[in-house]
Structure formats: structure tokens, C-alpha cells
Amino acid sequence: MEDFSLIFDLGIIIVAAATLALLARLIKMPTIVAYIVTGLVLGPLTGVIEVGEAIDIISELGIALLLFLVGLELSLEKIKDVGRVAVAAGIGQVVFTALGGFGLSMVLGFGVVEAIFVSVALTFSSTVVVVKLLSEKAEINALYGRIAVGIFLVQDIVVIAALTFLAGLAGPEDLGFSSVAMGIGKAFGGMFLLLAIALLASRYVLPPLFRWLSRSLESMFIWGLTWCFALVLAAEVLELSVEIGAFLAGISLAQLPFSHELRRRVHPLVNFFIAIFFVSLGIQMEVSAAQAHWVPALVLSIFVLLGNPFIFLLIIARFGYSERTCFLTSVTVAQISEFSFIFAAMGLSAGLIDESILSLVAVVGLVTIAISAYMIFFNHQLYEVVRRTGILSVFRAASEDPDEEALEAMESHVIVVGMNALGRMLVARLVAAGYDVVAVDTDARKLETVEARKILGDAVHPEILEKAGLGTAALLVSTLQIEETNNMLAYRCRLTGVPCSIHAFDRSVLEDLHALGVSHMIRSKEEGLQEMIAVLRERQIIAA
Amino acid sequence: MIEIAVILACAAVAFAVAQVLKVPPVPVLLVAGFGLGHSGLSGDPEILYDILLLGVGFLLFYVGTELNPERVKQYRSVALRLGFAQFIVLGLIGTGVALLFAHDLLTAAYIALALAASSTLVVVRILQQRRQMFEPFGRTVIGVLLLQDSIVVLLLPFLYRLEDGLAAALVAVALTVGMAGIAYVMLRWIVPWAVERLFADDEYLLLVVLAVLFLFLGATYFLNLPIVTGAFIAGVALSSFPASGFVRLQFSPLSDFFTSLFFIVLGTLATATSVDILLEALAFSAVVLVVTPILVTLVGERSGLSSRAAIESGLLLSQTSEISLVLALNAFFAGSISQDVLSTLILVTAITMMLAPFISTDAVTWFLMRKHPFPHRPYHLDLSVRNQVVLLGVGRHGMALLETLLFAGYDIMVVDDDVALIDDLQRNDVPCIRGEASDPAILKRVGADRADVVISMIRRPKDNLKILRASGDTPVLVRVFEEEDEQMLKEAGAIPISFSRAAAEDFLQWFEEWRRNRVETGEIAAD
């Protein structure tokens, strides 16, 4: 009865990935590359693991959760801003890359059908790769990050249309204009329907529901995931991608005041599932028949690595963004996607191309994903290098971004964690004394009456502390009566070198806090007892 | 995908229902799973099986990281006594009842083990909600839970291998102890070393944590031990600060996700339903609900808890545990117990956990206090002495106050439920009694209504109202923290002393001084 195959496979994947990721850190390799290499080692190289159904489901969950997270991290306002450029660049790039790829393939000596497949496979860029890297760099909300995400989502719709088109190609129906138009129409129709559902829900249903649920963060988390899955399934019913469903689910929750708590909980889940996804991508790479095609593989890889960014630079520069933003956005597109493999595999199973084309696509994918991961990882350095050559002036981009919002700087402020009576008093007094104060609590109701900058969330989490500006704070004060959280806060303060004052609410916590080197302890019981003695004297209950 | 979505949706509904009914989510998840199983929508059994396996691993790992013996060190002896007593007595009674229901001995042993453990998930949640984690009785209860979890994890390999003979079973226990040894080495030396080097970014941290978990799972697999043991020991290996903090931060969403799915899927396994099973489940639930409070009260009082603390501990511990479910599942997969018995145990856990928040209330505690045939109350007191000052629950923090009063020559009487403190005071000839400070009978005995002043450090506002009532016209000074309690007690006639305000004043004084120093040393600019 007992069958541990899944645990076994997962165990091998995780342990191998952890080992390789450690090595990768030493040579500054992006984790994605380490994961794919792990997959290559476990799959094509040694054949230790074959991807079963369960691993497949986990990979799919990974994609869904990643895009859910991206949706949660973006605000609707910010996405609207980049809508036009995303549509223009998304469609423009698809057209140009497809034409260029087709021409190149013909020159390289492929047949027409093969050239069509190769060129379409080249047009897809990997949303998952880029989003993962940008979140890792915490730049998904930067202007270029938002443009990139917008473009990728537009591309996703094009991909869906292409897959529909291919299904028609492989199917018995004729390949007329009408069926293509039908496919594209269906994709867009579905998209708008789903968008309408998401928007209406985020307007009328989700806010009151999640306000009620936020009393238990655990149940809010489970409901958030359920909402994500519901839209993913709806997307599947409408023949849209998992990515789009999950993304819309995320964005419809992103506007709620509790979204960062949700985000923080989804994050580890994404890290786990997406690692499995990338490893399984490596495992499934069909690179065996690649030797025969190494010249076209090289040529096409270079085309993707240089051609795609080039086309992007041309288009985006027309929209008045700065040279830097244009460049950073364009770099994100220099790889092909996991969809390219799926697309090629569909062609193979339809009997339109042979295995060598699939291998070719796999090799181009491997090369471009790995190299573009480095390009994105070091994109700012790369920009400086390229800028100095003077090539970029050709594109005549603007020198500055339109209305680049200045980040509100916080410096020498006091962070007060825990809005119990003590916390509220401290905030009120510090604000009255003219200090810059940030108040943090997990309970929205407790924050309501506080007159300071407020952050809702669990202060233990680095994201929340970052939001509170711990790095530049003068002091962190915790009034909480939760031993673990206080210890963690003290520890984080020590790591960042920020002084802290922690509520030592019980004698038993003194020792640990002392060992953690806190600057001050708020000893409420001692102080309270002193006050009691004072009152006793005042009331002449005991002799003064 | 669709399977997981359906299960997740069930979990979401269960969480909402739990929130409405104000009960812990686990039993509701089980019931939801039971419903799902009967609706026939639960889907592919292979996926369900994988979820169970992953869920069990993640759950036990998480419970393991909670096992920090440091937290309970002062209360070790009470916890040991209570834990072992509960285990042995409940185990014996459970075995007896199981045999009465005509189960074989191995099945009876599993049932007994399942009944003997109490739920960490439920109890910790209740303690946190009521902010009682730091009260002596809270710490004692946590100690008991840790002990029980450890015993189950140690006994499980034994039962698991018992079919291969006693020697194999003993070897299994030895191997488990060996693995625990490795975990201890990691806990003490390796993890603290690695923590500052590796835990820089979240993603890598999670990967390393999972690698540790899976390595332990692999080890138990090759050693032919139950994998839950490996998961638990892996958790213990990472339970020291600050590793545990990082681990739980990164890992808790994963474990929330998988354990929610786990309890739903487990519920779907409770397919066998009949009147017999229901009756049996009710009988076992009754054993847990009746025996545990009585037993814990008796042993607790004998080990130095006050009557109230002992009763509260007993009520809090009277439910079966998530670890009981893991145990039952393991036994079911190993073929040691039937699906009927599994269903019974799931039912028992659902019932007892569901009742937990309703049983462990103040009302029930005081009801039992009144019914207590021989409560621990100090009858030896000389009632003719009039105490000028009555100090209620001052704790170790109160020494400064105590010294001031003694120095000034007042007759004082201390009431506290901390055994160690009372021992100390008695050694120093300070008049004191061990007991529940809000018990009207005790307040009457120490003459609260005849004293010059009553000083209460008791935290719960309701207890303070009781004290106020029992103190007649005597002025009562009460410690408060939140403003609404201050207001309420003031209206009730007490003299509230706001500890939060006192602390705030102290902090602000320090803050000004600290700032001035930093401006002087040039670390920050003056305004």
C-alpha cells in the first residue's frame, strides 16, 4: 500500500537543487539557471527522475501561484499606465520576431512548415522566468518591471491564439481565415469575460469577504488561494492560460488593504513550487538529437538574445520612456519560453515536424533562458556598459521617464510595533514631540485610531520591516507581548544595525533579549509596580 | 489541478465555518472532508494519497520546530509528572475500553496511544488567544504537550515494527533515538553555525529547510521507520532560535496549505459509518473528556499547581491530537488497524477538538472549583490576625513592592499560585499562601475585606471584578494594561494602575536621554 515515489522524487529534486543552488551562489548564477541545470542533471544526464503526474501538477501550481503573486504585487493603477506600450510592444515584437525568425530559418535551410514552427516558437518569451527574476531583484514594481509584465501578458494572449491556431492546423478543419479569426476572437472574448468577473468581484464581493476573513490570517490565506484556483479553472474553461487566470485573481485582491499579508504567505509557497517547476523543465528537455543542429541553434539563440531586445528598443523608445527604462525592459525579452517547448511538442505529435526541431527549440530555450537570466540579473551593470558604447543613442529615447514618481524618503524615523495601549501611547507621544513615526500591527482595527504612518502586517517579516524603512530608521520599538516575535525583531535589528527597544513583559524573556544586545528594554511590570508604590504613598495608605 | 481546487474550496468553507462557530479549524476540516468523501467528488485516490503523505510530513515537521524545551524548563518536573500520568492512565483506560469493544491487542494499543495525546495545534491556539502562554499553567501545559508528542514519536516506530518481532521493534526505537541524537548535534552546533551564513535570502533558506526535511524522510525510509518520525525529528533539529523563527516564517504558509489539504483528505477516509462506530467514538470521546480533567487535576494539585490551574490544565488538555490522527493513519497504511477504527479515531478527534473551546472556559472551571470535593485551600491560617496589606499574584516582579512594604513594617499576606515563589517566601518567613487569588473563599480567609489595602497583579479583568466584590470597602489597587480595562475597573470601584502608561513614561524618558547622547556623540544631527 505504501508508495513513497512522490516524496522520493521531491526529496531528490529538493536536495539536488539545494546543493546546486549553493554552488550557484558562489559563482553568482541566478537560481533559475541552477534549477534548470539540476533538472538536466537529474533528467537527460542521469535519468534518475522521470516527471510523473504529481510533479506535473506541482509545476502547474507553481506557475499559477507565481502569477497570482505577481498580480498581488501590482496595483491596477500602475498597470493602466503601461497598457498602451504593452499592447504595442507585445504585438510588435511577436510580428517582427516571427518574420525575422521565419526568414532566418529559411536561410538556414529548413522547410516552410518547419520554419513556421521555429519562428513561432521563438516569439514567445517566458513570463515565469522574467517575473521570477524581477521579484528576486524586487523590481517588479519598477517602471520597467511593470511594462515588462504588461507585455508578457499581452504575449500570453497571442500565445493562446497561436495555440488555438495550431490546434486547427493539427485538426481536420481547414486552415481558413475564419477559423483563425474564431480562435483569436475566442481568446479575446474569454479574456474580457474573465477580466469582467475579476473586476466586479474585486469591487463588490472580495472587499467585505476578506475584511471579515482578515480576523484569522490563516483562513484569509486559504480563501485567497481558493480564489486563485477558481479563476485558474475559469480560465481553463474559457480556454485561456493558467497564467492569465492566476494573474487576474491576484490583481483583483491586490487592492485590498490586507494584500501584503496574503503576499507574504504566498511567497514561500511560490518559492517551493516554482523550484520544482524549473527543475522539471530541465528534466524534460529533449536535447539528445541536438548535435546535428548546433549551427542553427547558435544562430537562432543569438537572434533571440540580440534581435528581440533590438525590436523592443525600437518600439518602446517611441513611447517617451527614458533610455534606461527602454533598455531594461528590452533586456527582459531575450529568451524563449516553456511554451515554445509545448508548442514544438504539439507540432511533433501532430506529425508536422520531427524530433530534431524539438531538440533545436529545447537547446535554443536552454541557451537563451540561461544567458538572459544573467542579463536580467545584472541588467543595471549591462546598461552602463552598453551605454558607454554609444549604441543606444540610435534609438533616440527620452532622457527621462514621464512622471517618474519620487519615493517618499523615510529617515531617522521611529518604528513602533504593536498597537496595544502602550504602543498607542508611545506613538501619540512621539508624534506630538515631532518625531516621524511608523506604526505596525497585524490588526487593522487597532491601527484605525492611530495618527501616524501605518503598516498592517506581521513585523517579523522582512518585507514589512522593509516597508517600514527599518534600514534608515533611528529606532525600532516593540511593545508586543509575544516572545518569539520580539526576539526575531531584536535579531533583525542587530543584523541591520538599528537600535531597538523591546518590551520585556516578563522576567523570563530578559535573558534572551539581553543576549541579543537590545539597546533598551521596556520593563512594564517593574515600572508599573513603582507606580503602585507611588500611588500607595500618595494616598497615604503606606507611610511616605 | 481540479482535485486540489475542490479540496481547497472545501478547506476555505471549513475555515469560514470555524470562524463563525468559534471552534478550531481542524475538526471542521475533518468534517468537511467527511462530507466531500461522501459526495463522491473527492477525485483521484492517487493524488489524495500524495497529499496525505506530504501533509503528514509537513505537519509533523512543523510540530517538531515548535518543540523548544527551553520554553518550559522551570516547569519541567510538573510537566513530566502530568504528561506521564496522563499517558499511562489514559493509555490503560483506553486499552481497556478498546478491548471491551473486542479489538485485538495491537489495535487497542494504537487506540490507547491516540487517546493519550492532546492537541498542540488546538491548545497553543487557545493559549495564544487568551494570552496565557506565559502563565505558569500555560507553560506547564506546553511542557505536557511536548512530552506527549515526543513519546508518540518514539513509540510509533516500536509499534510500526512490532510485527517483525520484538527485536526489530527495539532496534527501531534505538535507530529513532540515534536519529534524535543527530538532530541534537545539528540543533546545538551545526544549525547555529549555518544560520548566519545561509539564511540570507528567503528562497534559499526554504530550499535548505526542505532539503533537511527530505534528508530525514529519506533516512527513515531506508531505516524502515515511519516517515512521520523523520519529519518530526527534522523539525526538532531546526527548533532553536533564531533558526526556528526563520524556518517557521518561511515554512508556515507551506504547512498551512498542505495541512489544510491533509485534514480534508483525511476526513474523506472516514468512509465507514455505522451506529456501532458512532457509539464507539462517543465512548472514547467520553473517556477523554471525563478522565483527562480529573486525572490532571489530581496529579497537578499534587505536583504543586493551584486547584484552578490544575483544573484549567485538565480542561485544556481534554481532546485528542492531530498526532493521534497521524498515528492512526500510519497504522492504517501499515495494515495494523481497519478503516473502521481509523474512522472511529477521526470521529473522536473531531468531537473532542470541536468541544475544546467550550470546555476550557472560565465558567466550566469555576463550576468545577465549586464541585471540587477537597480543593486546595489553606485551612491552617490563623484568622484572628488582621493583614494590613493583601498582595494577590505579585509574582517575582513584585519583590520591590514586597520589600518596601515589609521594610515599612506592615503586616502583609501574599497569595500566589506559583509554587516556587511561595517556597521562597516561606523560607524567608514572609506570610504567604499558595492558591488561586480570585477564589472568594481564599479572599475571605486572608481577610481581604478587613485589610487596609488589597493589591492585585492578576491579569484577567474578570478575576479582578471577583476580587473587588470579595474585598468589600477595602481599597483595591489593580494592575491594568489596556485602556478599556482601566475604564471598566475604575467604574467598578477599583483603583487601576496603568502599567502601560508607567512603561510609556519610562520609555520616553530613556528615549530623550538616548537621543541627547547620540546628538552629543555626533551620531545623529540635532533638530
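Side chains are part of it too, since the values below use all heavy atoms of this structure and drop only hydrogens, waters and symmetry mates. Throughout, protein chains are lettered first and strands after them, A, B, ... in sequence-line order, and every chain is numbered starting at 1. For clarity, every value in this text was computed on a predicted model and none was experimentally measured.
Side-chain contact between R125(B) and E218(A) is present, with heavy atoms from C-beta onward closer than 4.5 Å. Inter-residue side-chain proximity for V453(B) and R539(A) is flagged as unmet; no heavy-atom pair is nearer than 4.5 Å. Within the 4.5 Å cutoff, the side chain of N271(A) has no heavy atoms near those of the L207(B) side chain. Side-chain contact between L529(A) and R479(B): absent, with no pair of heavy atoms (C-beta onward) separated by less than 4.5 Å. You'll find the side chain of L6(A) stays beyond 4.5 Å of the side chain of L53(B), heavy atoms only. Considering only heavy atoms from C-beta on, F507(B) stays 4.5 Å or farther from R429(A) through its side chain. With a 4.5 Å cut-off on side-chain heavy atoms, L405(B) and I533(A) do not count as touching.
Here the closest non-hydrogen pair linking A211(B) and I14(A) is N-CG2, 3.5 Å. The two residues F15(B) and S219(A) come nearest to each other via the heavy atoms CB-CB, 3.3 Å.
Evaluation of the side-chain hydrogen bond (donor to acceptor under 3.5 Å, both in side chains) rule for S519(A) yields no partner, not counting sequence neighbours. Every residue was checked against the side-chain hydrogen bond (donor to acceptor under 3.5 Å, both in side chains) condition with Q481(A), not counting sequence neighbours, and none meets it.
When each of L477(B), V212(B), V480(B) is scored by its heavy-atom pairs under 4.5 Å with chain A, the top score falls to L477(B). Most heavy-atom pairs under 4.5 Å with chain B, from the set P499(A), A230(A), G434(A), A54(A): that is P499(A). Most heavy-atom pairs under 4.5 Å with chain A, from the set S260(B), A11(B), A9(B), A16(B): that is A16(B). Comparing L508(B), L8(B), I495(B) by how many heavy-atom pairs each has under 4.5 Å with chain A, the most go to L8(B). Interface summary for chain A: among E484(B), Q250(B), E512(B), E486(B), the most heavy-atom pairs under 4.5 angstrom belong to Q250(B). Ranked by non-hydrogen atom pairs under 4.5 Å with chain A, the options V13(B), L54(B), L215(B), L254(B) are led by L254(B). Looking only at heavy-atom pairs under 4.5 Å with chain B, the residue among M488(A), H520(A), E531(A), M532(A) that has the most is H520(A). Heavy-atom pairs under 4.5 Å with chain B were tallied for I57(A), V15(A), N420(A); the largest tally goes to N420(A). Ranked by heavy-atom pairs under 4.5 Å with chain B, the first of A421(A), A534(A), S501(A) is A421(A). In terms of heavy-atom pairs under 4.5 Å with chain B, the best-connected choice from F229(A), F8(A), W223(A) is W223(A). Contacts with chain A were tallied for A14(B), A12(B), S252(B), A502(B); A12(B) has the most, counting heavy-atom pairs under 4.5 Å. Between chain B and the residues L225(A), T485(A), L233(A), I222(A), the largest count of heavy-atom pairs under 4.5 Å involves I222(A).
The distance between the ring centers of F221(A) and F257(B) does not fall below 6.0 angstrom. Checked against the 6.0 Å centroid threshold, F499(B) and H503(A) do not count as a close aromatic pair.
For I13(A), no part sits under 4.5 Å from any heavy atom of chain B, backbone or side chain. Interface residue L206(B): only side-chain heavy atoms are found under 4.5 Å from chain A. Contact of A16(A) with chain B is not made at all, since no heavy-atom distance falls under 4.5 Å. Of the two parts of L217(B), only the side chain, counted from C-beta on, holds a non-hydrogen atom closer than 4.5 Å to a non-hydrogen atom of chain A. Contact of I227(B) with chain A is made through the side chain alone, with heavy-atom distances under 4.5 Å. In this structure, chain B has no heavy atom under 4.5 Å from any part of V270(A). Neither the backbone nor the side chain of W227(A) comes within contact range of chain B, judged by heavy atoms closer than 4.5 Å.
Salt-bridge annotation for E527(A) and R501(B): absent, with no side-chain N of the basic residue lying under 4.0 Å from a carboxylate O of the acidic one. Between D256(B) and R265(A) there is a salt bridge, since at least one side-chain N of the basic residue sits less than 4.0 Å from a carboxylate O of the acidic one. Using a cutoff of 4.0 Å between basic side-chain nitrogens and carboxylate oxygens, E482(B) and R424(A) are scored as salt-bridged.
No donor-acceptor pair under 3.5 Å is formed between the side chain of Y221(B) and the backbone N or O of I7(A).
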* **Audit row: E505(B), M425(A), side-chain contact (heavy atoms from CB on, under 4.5 Å) steps and yes/no** => CA-CA 9 Å; E505(B) 295 300 337; M425(A) 255 177 245; over 6 Å; no
* Test log, rule side-chain contact (heavy atoms from CB on, under 4.5 Å), inputs F258(B) and F272(A) -> CA-CA 12 Å; F258(B) 279 107; F272(A) 171 64; 4.1 Å; yes
* Apply side-chain contact (heavy atoms from CB on, under 4.5 Å) to the pair L430(A) and F511(B), showing each step before the final yes or no. => CA-CA 10 Å; L430(A) 287 171; F511(B) 181 72; 3.6 Å; yes
* Please report the C-alpha distance between E526(A) and D506(B) in whole Å, then the side-chain angles of each, then the deciding distance to 0.1 Å, and finally whether the side-chain contact (heavy atoms from CB on, under 4.5 Å) criterion is met. => CA-CA 10 Å; E526(A) 280 74 3; D506(B) 171 60; over 6 Å; no
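Annotation for I2(B): atom CD1 does not count as buried by contact number, only 12 or fewer foreign heavy atoms lying within 6.0 Å.
Here the OG atom belonging to S498(B) is positioned 8.5 Å from the CG atom belonging to L422(A), to the nearest 0.5 angstrom. Taken to the nearest 0.5 Å, the OG1 atom of T479(A) stands 6.5 Å off from the CZ atom of F481(B).
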